[in-house]
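Structure record follows, encoded as structure tokens.
In what follows, every chain begins at residue 1, and chains take the letters A, B, ... in the order their sequences are listed. All values below were derived from every heavy atom in this structure, side-chain atoms included, with hydrogens, water molecules and symmetry-related copies excluded.
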Amino acid sequence: MSLLASPEQPTLEDFGTDVWWIVLIKVVGVFVVLVVMTLFAIVFERKVVSRMQQRIGPNRVGPRGYLQSLADGLKLAFKEDIMPALADKPVYFLAPVIAAVPAFLAFSVIPMGPSVSIFGERTPLQLTDAPIGVLIVLACSAMGVYGIVLAGWASGSTYPLLGGLRSAAQMVSYEIAMGLSIVAVFLYAGSMSTSEIVAAQANGNEVSFFGWEFTGPSWFAVLLPVSFVIYAIAVVGETNRAPFDLPEAESELVGGFHTEYSSLKFALFFLAEYINMVTVSALAATLFLGGWRAPWPLSIWDGANSGWWPMLWFFLKVVVALFVFIWLRGTLPRLRYDQFMRFGWKVLVPTALVWILAVATMRTVSREADLSTGQVALFVGVP
Amino acid sequence: MIEAPDLDYAALAPLLFLFGAACIGVLVEAFARREVRHPVQLAVALVGTVGGFLSAILLASTRELSGDGADVTAGDALAVDGAGIFLQATIAGLGALSILLFAERALDPARSSFVAAAAVPAGSPRDRELLTSERVQTEVYPLATFALGGMMLFVAANDLLVMFVALEVLSLPLYLMCGLARRRRLLSQEAAVKYFLLGAFASAFFLYGLALVYGATGSVRLSAVQEAVTDGGGDTLLVLGLALLIVGLMFKASVAPFHTWTPDVYQGAPTPVTAFMAACTKVAAFGAILRLLYVGFGTDEWTWRPLIYGIAIVSMIVGAVLGLTQTDLKRMLAYSSIAHAGFLLTGVLGFDATGDSPGLSATMFYLLVYGLTTIGAFAVLTMIRDGDGEATHLSSWAGLAQRSPVIAAVMTLFLLALAGIPLTSGFTGKFAVFRAAIDDGAWPLVVVALLTSAVAAFFYLRVVVLMYFSEPAPDGPTVGVPGLPTTIVLAVTAAATLVLGVVPGSVLDLAGQAANLVG
Amino acid sequence: MTLAHYLVLAAMLFTIGAVGVLVRRNAIVVFMCVELMLNSVNLTLVTFARATGTVDGQIMAFFVMVVAAAEVVVGLAIIMSIYRTRRSASVDDANLLKY
Amino acid sequence: MLSSYVPIVGLFALAAAFAFFSVAAAPFIGPRRYNRAKLQAYECGIEPVDQSLHGGRFPVKYYLVAMLFIIFDIEIVFLYPWAVANDALGVFGLVEMVVFIATVFIAYAYVWRRGGLEWD
Amino acid sequence: MSDFPFLLLMIAVPAVGAAVVAALPRGRDLLAKQISLGVSLVVLLLAVLATVAFDAGGDRFQLTSSVSWIEDFGVSFALGVDGIALVMLLLIGVLVPVVIGASWDDEPVGTRSMTVFFAWILLLEALMVGVFAATDVFLFYVFFEAMLVPMYFLIGSFGGPRRQYAAVKFFLYSLVGGLIMLAAVIGLYVVSANQGEGSFAFEVLNAIDIDPDVQKLLFLGFFVAFAIKAPLVPFHTWLPDAGAEAPVGGAVLLVGVLDKVGTFGFLRYCLPLFPDASRDFAPYVLALAVAGVLYAALLAMGQSDMKRLVSYTSVAHFGFIALGIFVFTTEAATGAVLYMVNHGLATGLLFLVVGMLIARGGSRRISDYGGVAAQAPVLAGVFLVAGLASLALPGTNSFVSEFLVLVGSYPSRPVFTIVATVGIILAALYVLLMYQRTMHGPARGLMGGHDLATPDGGEPAGPAGDTGGATATATVTAAPATARRVPDLSRREIAVASPLVALIIVLGVYPQPLIDLIEPAVAATISDVGGDPGGAEPQADTDAARTEAGN
């Protein structure tokens with residue numbers, strides 16, 4: 001695969017070698033990107049949902065209302081900060097931090113582009129990478145659960161407690177499905193490094209189909225459709241988004257775990273939720289949608305995968321994914337909690353396990369029988 | 001390309017039987033209807049254990065396990081040698097007997113010694129309702145089978161890591177089984193908590209020892225450890241690691257001073273489970289101790305010898321002396337098991353790095369006879385009942401001989417065997433281990449052992465005195481009429497106790513032939 | 001930082017865990033202390049793996065994690081069952097078996 | 001090798017600084033007009049009952065989910081390295097993993113049939 | 001004839017008999033007694049036939065048979081007898097039918113069944129034969145320990161009021177001794193294994209040389225066990241309790257045979273196997289023995305309980321026997337062996353008679369009896385014979401043996417011998433006092449119709465001299481009015497007592513056949529230990545041997 005990769009394709013050796021100011025720039029860059037993406041996502045969501053509901057949505061603040069979420073954020077900062085009398089003070093204080101910080105960190109291994117030149121230094125458009133890159137994302141998303149549970153517990157109130165427990169249960173349940181869904185990706189990529197997974201999706205395999213040579217699909221979303229579907233569903237649950245937004249089911253639990261939070265503390269939770277959304281969308285793009293690589297028609301142009309262009313493709317993919325999130329929210333009613341848990345445990349998890357076995361078997365058989373992966377994929381895996 | 005390790009399926013057959021039966025048991029539990037569950041589970045568990053037993057015997061008879069046939073398999077993780085197979089067969093056989101005890105349905109009015117639904121809080125209305133219902137709980141069979149599989153893996157582990165995993169596989173089901181008593185549930189749950197907390201504590205020690213040995217030798221394979229030990233025996237890290245490993249194993253073997261859980265757990269656990277623990281766990285733990293010391297650290301025996309020496313003395317004294325003060329039979333038998341662990345350790349000391357070790361065969365034989373006897377003794381315990389379940393207080397056994405002479409005689413036989421009176425299996429076993437120890441020059445230890453046996457004999461005798469020489473209390477407990485399973489267990493164990501006392505030759509011979517370990 | 005530092009840290013964690021098991025009275029806390037011990041062993045294993053230049057130690061750490069998880073499952077089940085009855089997780093309250 | 005983690009530390013520092021600043025600054029930026037009712041737990045207007053902290057009891061179901069999570073998470077721990085090294089492991093690796101997943105499925109089937117996956 | 005498995009049969013027949021009796025249904029007491037008696041008589045017959053087949057001048061061990069038993073331990077089921085063991089077998093053969101006869105009409109305690117009693121007796125007989133006939137140390141040990149079980153149940157189930165205490169005490173003392181011996185037995189095996197093939201066979205072990213230091217340890221191991229069994233002071237405290245609480249039949253076997261295993265063990269195992277150690281320890285053992293003779297005699301005088309008194313006389317006699325053994329002369333040792341037999345007969349008879357008296361009076365206290373001779377002359381006569389035999393009056397069997405012991409030991413150990421002789425005088429005192437108080441004088445206490453002044457089995461009420469006067473005054477007034485008729489010996493009782501009386505007198509007059517049987521075996525033993533097998537100049541020889549060992 002590395003033979004087919006373009007020269008800009010960074011390898012693992014390229015990480016950890018940057019000079020300090022490059023690192024600094026990239027750190028700030030990632031931070032800014034995430035905050036901006038959050039602000040954008042909120043406004044984007046409100047606009048899309050309102051369109052779906054035949055209304056206009058925010059249109060006052062800034063050009064066509066696009067600064068609405070910035071204004072909301074500032075407004076939140078000037079709201080009264082309440083610490084409930086029964087709260088466990090230190091934990092109540094720490095919980096939003098615990099929720100927000102890992103959300104930022106998860107994005108650190110997402111590749112946004114190939115190696116580019118910044119002020120003469122060549123560096124990949126990715127904060128960092130490691131052989132176990134994806135595990136960092138998973139670890140950070142798991143850490144986020146603590147913030148939520150502790151927030152619910154520390155509030156000293158019944159609704160947040162139940163909301164916190166519910167979201168914890170929900171997140172860990174769907175984390176299993178999510179974790180299982182990406183096993184097949186690792187199987188194909190032979191690596192857990194995000195940049196290498198992107199590289200693995202660089203070129204399609206040459207497939208000979210009744211003597212007709214053509215290039216097969218290279219995205220894992222196409223090669224591993226079941227994985228992709230499971231991943232897509234699981235991350236919706238993982239991020240507590242509609243139709244799986246049970247922890248904050250207003251009709252049952254008021255605001256869920258953050259009922260007692262206000263002001264900037266509430267803002268942090270809000271921020272964390274949207275960053276998580278962005279992160280899982282980015283991860284979906286990375287793992288299944290070819291990462292920063294240009295999609296098929298564009299990839300005919302040779303320059304599409306070099307320079308700063310890929311960042312555009314990448315963020316396009318992320319926005320599309322975000323749109324799907326919002327689309328779901330605009331379309332689907334909320335599930336009942338039991339339906340939701342049953343769906344996770346009884347459908348997603350076993351399906352994922354069986355799918356992994358099927359993929360592994362297929363790969364092993366093709367390898368042992370010396371067939372090309374594409375052939376078998378066409379015959380067996382992708383009906 | 002990573003090379004696949006060689007798997008000798010025939011050598012793994014005993015283990016496969018047990019683990020297979022356990023997995024099938026779980027499936028049965030999941031899919032069989034409640035009415036048929038009990039017979040099916042029993043059949044599966046028996047097929048598993050008896051199959052494991054027979055396949056071990058078959059394995060032993062078709063291969064030269066004491067000579068060239070002994071080998072390691074599964075990437076050197078498992079040893080297939082005489083001692084391993086002998087102990088595996090012992091565990092499987094004793095396990096089959098214990099499972100028969102689990103299956104007894106005639107004694108308790110509620111048809112089982114196990115709680116119908118363990119998750120229901122004790123004392124709640126639902127619990128009281130279930131207590132008198134005839135609903136039986138069958139999870140205990142797969143649990144026991146898993147534990148047995150773990151034990152059999154434990155004695156064959158040629159790798160400290162495998163040993164650790166096996167330790168946990170055998171322990172975790174046991175923790176749960178302790179909490180499953182149908183009556184006196186609080187006691188039972190408390191026993192489970194205690195056993196669990198202390199057991200996890202001990203396995204942490206084992207694990208730390210493993211880590212240190214790994215650090216000192218770069219491997220956890222026993223043969224590699226042995227090489228490292230031979231090269232530089234005195235390494236502090238290695239000695240520390242060995243000590244920690246021993247602590248972990250001694251805990252499982254309920255050797256004083258690592259015994260504190262034993263009386264509580266033995267008392268609180270359902271009696272069939274206590275029998276199971278006292279017999280099978282002991283065999284497994286000592287099997288692992290033998291393998292660790294003889295194979296891994298055999299060339300460095302002077303490091304561990306004084307340690308074992310001291311522990312053996314402490315265990316014998318603690319077991320014998322504290323046993324004197326007990327008024328509950330289950331507790332008494334628990335202390336007896338601590339004392340017996342000390343006796344077993346004297347056998348372990350009969351090690352000779354150069355020649356063949358009489359200690360190995362002697363200890364294996366002792367384990368076999370002790371297991372049989374102790375299962376029998378606990379089986380008798382299950383039969384003496386009053387309205388509140390089993391009557392294990394000493395006073396309720398007064399005059400039992402007049403009410404039920406056969407049961408009293410059988411119990412007396414077991415107690416005499418535990419005390420080590422000649423013409424019972426207990427004597428033969430003791431003789432074997434003491435001979436091995438004296439052979440190795442440990443005669444002061446043997447003298448201590450003999451004196452403590454005398455002390456221990458006192459509390460066994462006290463039961464005999466009560467049964468035979470006291471008048472029965474008017475409102476004393478009744479002797480239940482056992483069903484077929486308990487009858488089989490009693491018949492087998494009593495016969496074995498006698499036969500192994502009078503004509504132990506062939507079994508001793510077998511143990512002697514099986515006494516070899518590969519590294 | 002040399003490897004010895006990691007080992008010392010692990011040993012300290014192990015000791016803290018062991019002492020915790022012995023002095024704490026709440027079953028859950030005792031249990032946590034045991035987990036601490038197991039994890040200190042993981043640290044030791046990984047350090048040694050680094051020292052010997054093999055991955056064996058890391059693989060062992062995997063196994064330890066598995067076992068620790070299984071222990072958590074079983075332990076929580078047992079502790080919960082008694083907690084639900086007695087409404088206390090204190091080891092001292094569980095004293096029916098003292099003589 | 002560890003140097004590739006340095007940027008993460010940097011990002012952590014930045015994110016933590018931001019989060020702490022937000023949390024710490026909140027009480028000072030906003031107005032402070034507290035009253036007793038405001039500081040009470042939110043209970044739809046009923047007098048709040050202190051029960052969640054210290055001695056509060058959760059439905060046992062949540063523990064069950066936690067346990068199931070641990071079991072499957074552990075399975076994932078084994079699946080990942082296997083998946084990455086699958087090409088090197090060959091048929092043996094596949095067979096082992098089939099056995100492993102089958103074993104997990106047995107337990108899974110048990111939990112399912114026993115109602116462990118029902119949320120009632 | 002000598003190929004005939006006498007010994008095996010003597011073990012097997014009673015063992016099978018025991019099983020049969022035990023298996024009888026509950027009500028068939030009479031049948032059980034008949035079977036038991038028959039079996040025991042068969043054993044007696046076998047013993048006599050074995051004696052006939054035994055060639056006193058032949059090999060040391062005869063009638064041997066050996067089957068491999070536990071190969072791994074090198075243990076054989078090896079039987080064989082020398083003269084010493086043979087006379088003990090004869091003693092067993094005689095005593096067991098007597099005991100069965102004596103217990104014929106015993107009433108069981110509580111709801112227990114007497115069939116069990118007879119089963120235990122037969123089992124005990126089998127095991128006792130085994131102990132004496134074993135020529136394999138391991139086998140000996142097995143019988144030695146197994147013997148405890150039936151005795152334990154005899155005392156515990158059928159004994160007096162404090163039977164539980166006595167039974168447990170008996171068992172524990174013996175078990176401790178036995179376990180210590182077990183260590184020595186194993187040690188012996190290991191020593192033999194280090195010098196070639198490990199074995200438990202007596203002949204093999206006798207032939208090997210053992211390092212003197214090791215010998216000392218092993219000797220002590222065996223010695224403690226035997227000293228407890230035989231009871232030598234200070235290991236004797238279990239015997240008075242066991243003897244007093246055991247049923248009469250049990251007591252006869254306990255003191256008559258069981259305890260002889262101890263002294264037999266000295267002769268058979270301690271001396272030949274560990275000659276150097278035996279010589280080293282001999283002075284201490286002798287000191288213990290002589291101290292025991294005096295101490296037990298004094299204690300016996302203080303007893304108010306007849307059975308305890310008889311038990312203490314036995315302790316004294318065992319001191320004598322030990323003295324005879326540990327001076328290492330053939331004469332003394334022959335006397336000791338003879339004493340073992342004679343003591344079995346004499347004390348056995350004494351126990352029986354006391355038992356018969358107790359059966360009539362219902363009390364074990366001497367002070368509860370008086371003037372029995374007037375009403376039951378035969379009983380009194382038998383009592384007198386037993387008493388005289390017990391104090392070794394010339395003409396009774398004990399005299400011969402006591403004389404031999406004293407004569408044999410005086411030349412080499414004059415001081416010990418003289419001190420021990422004092423014991424004889426004391427023995428005369430306590431036996432005669434007991435006889436006189438119970439049989440003669442005014443009818444008192446129970447015999448006088450009074451209820452018991454003190455509860456049965458209470459503490460001894462002061463020195464015997466005082467009680468005599470006190471109770472006499474108390475009973476004089478009441479005696480004439482309500483004097484109860486004391487029945488004399490029934491025909492069964494006479495039949496039980498007469499063989500013993502006859503043997504006491506016959507052996508007192510003509511002990512030579514027994515001596516002929518015993519002497520060669522004893523000579524062999526004494527030569528093993530380096531003593532004087534011929535009896536001439538023992539002093540010089542032992543000294544020489546000791547110097548040799550010292551070098």
Side-chain angles (χ1 to χ4, degrees), chain B residues 358 361-362 365 399 401-402 405 409 412 416 419-424 427-428 430-441 443-458 461-462 464-466 468-472 501-513, chain E residues 22 26 68-75 77 109-113 116 127 138-139 141-149 152-153 155-159 163-165 167-168 171-191 193-194 198 214 217-218 220-221:
Chain B
S361 64
F365 180 79
Q402 296 180 42
T412 309
L416 291 181
I421 302 297
L423 297 180
T424 62
F427 172 73
T428 324
K430 266 193 184 141
F431 189 87
V433 292
F434 293 166
R435 192 189 63 167
I438 288 191
D439 202 25
D440 212 62
W443 63 266
L445 182 65
V446 173
V447 171
V448 174
L450 290 167
L451 291 176
T452 47
S453 331
V455 176
F458 180 75
L461 274 192
R462 201 165 51 167
V464 179
V465 167
L466 266 175
Y468 279 92
F469 307 155
S470 297
E471 294 305 317
V502 178
V503 278
S506 55
V507 179
L508 272 173
D509 203 40
L510 196 66
Q513 280 177 17
Chain E
R26 227 148 191 259
S68 178
W69 180 25
I70 309 175
E71 263 175 59
D72 258 46
F73 298 163
V75 176
F77 197 85
V109 182
T111 56
R112 291 182 179 81
S113 161
V116 181
L127 296 174
F138 185 92
L139 186 62
Y141 174 77
V142 168
F143 281 123
F144 183 85
E145 288 284 51
M147 216 165 54
L148 298 180
V149 177
Y152 170 71
F153 280 100
I155 299 175
S157 295
F158 301 96
R163 59 182 185 274
Q164 291 189 20
Y165 168 75
V168 172
F171 197 92
L172 284 182
Y173 264 78
S174 306
L175 189 68
V176 170
L179 288 172
I180 293 172
M181 184 167 97
L182 177 60
V185 168
I186 301 172
L188 202 53
Y189 173 83
V190 170
V191 168
N194 290 342
V214 178
L217 287 173
L218 297 180
L220 280 179

Contacts under 3.5 angstrom, residues 502-512 of chain B side chains, donor-acceptor by atom type, not counting sequence neighbours:
none

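- Contacts of F138(E) with chain B are made by side-chain atoms alone, with heavy-atom separations under 4.5 Å and no backbone atom involved.
- Remark: V455(B) pairs with A320(B), L324(B) by the side-chain contact (heavy atoms from CB on, under 4.5 Å) rule, at least two apart or across chains.
- Taking every heavy atom of both residues into account, A454(B) and L179(E) meet most closely at N-CD1, 3.4 Å.
- Using a 4.5 Å cut-off between heavy atoms, V191(E) makes no contact with chain B at all.
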Criterion side-chain contact (heavy atoms from CB on, under 4.5 Å) on F153(E) and F469(B), from CA distance to verdict
CA-CA 9 Å; F153(E) 280 100; F469(B) 307 155; 4.0 Å; yes

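- When heavy atoms are compared at a cutoff of 4.5 Å, Y152(E) approaches chain B by way of both its backbone and its side chain.
- Proximity to chain B is limited to the side chain of L217(E), based on heavy atoms less than 4.5 angstrom apart.
- Between E145(E) atom CD and T424(B) atom OG1 the span is 10.5 Å, to the nearest 0.5 Å.
- Between V465(B) and Q164(E), the shortest heavy-atom distance links the atoms CG1-OE1, 3.3 Å.
- Using a 4.5 Å cut-off between heavy atoms, A449(B) does not touch chain E at all.
- A pairwise comparison of heavy atoms in A183(E) and L450(B) identifies CB-CD1, 3.0 Å as the closest pair.
- Contacts of T412(B) with chain E are made by side-chain atoms alone, with heavy-atom separations under 4.5 Å and no backbone atom involved.
- By number of non-hydrogen pairs under 4.5 angstrom with chain E, the leading residue of D439(B), L461(B), V464(B) is L461(B).
- Smallest separation of non-hydrogen atoms from P422(B) and A146(E): CG-N, 4.4 Å.
- Contact of F427(B) with chain E is made through the side chain alone, with heavy-atom distances under 4.5 Å.
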In sequence, state the C-alpha distance, the side-chain angles, and the governing distance for L175(E) and I421(B), and then conclude on side-chain contact (heavy atoms from CB on, under 4.5 Å).
CA-CA 9 Å; L175(E) 189 68; I421(B) 302 297; 3.6 Å; yes

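- The CD1 atom of I186(E) sits 5.0 Å away from atom CZ of F431(B), with the distance rounded to the nearest 0.5 Å.
- A heavy-atom distance below 4.5 Å is not found between the side chains of I180(E) and V447(B).
- Looking at L451(B), only its side chain comes within 4.5 Å of chain E, counting heavy atoms on both sides.
- Looking at every heavy atom in both residues, W69(E) comes nearest to G501(B) through CZ2-O, 4.1 Å.
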